[in-house]
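No hydrogens, no waters, no symmetry mates; every other heavy atom, side chains included, goes into these values. Please read these numbers as outputs of a predicted model, since none were measured by experiment. Heads up: numbering here begins at 1 and tracks the sequence.
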Amino acid sequence: MDSGPAIFTGTVFALFGGALLAWTGTRLRRREPVAHGVNRIASAALASVAGTVALALGVYCLTRL
């Protein structure tokens with residue numbers, strides 16, 4: 001009964017983290033800014049860390065079932 005919210009949360013975190021990492025990689029590959037008005041390296045690093053953390057949280061939630 002308690003696994004339903006964990007599955008939903010893990011899926012949301014994993015999808016968000018994967019999509020953020022894919023989007024950041026695409027923006028960097030095209031040499032476009034990740035965030036407007038911010039240093040390119042800093043914004044790419046912050047987005048990559050946030051995507052990795054979200055993906056790790058998703059995997060953690062899904063493995064705790």
Taking all heavy atoms of [X] and all of [Y], pick out the closest pair and write down the distance.
X: Arg40; Y: Glu32; result: NE-O, 4.2 Å
X: Ala14; Y: Leu55; result: O-CD1, 3.5 Å
X: Ala54; Y: Gly17; result: CB-CA, 3.8 Å
X: Gly10; Y: Cys61; result: CA-CB, 3.6 Å
X: Leu21; Y: Ser48; result: CD2-O, 3.6 Å

*With ILVMFWY side chains joined below 4.5 Å, transitively, what does Leu28's cluster contain besides itself?*
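Members alongside Leu28: Phe16, Leu20, Trp23, Val34.
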*Could you state the interatomic distance from CZ (Arg64) to CD1 (Ile7), rounded to the nearest 0.5 Å?*
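Here the interatomic distance stands at 14.5 Å.
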*asked:* Working to the nearest 0.5 angstrom, can you tell me the gap between Leu46 CG and Ile41 CD1?
replied: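 Separation between the atoms: 13.5 Å.
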*Shared ILVMFWY cluster between Leu65 and Phe13, side chains joined below 4.5 angstrom?*
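As far as the 4.5 Å side-chain criterion goes, Phe13 and Leu65 are not connected within one cluster.
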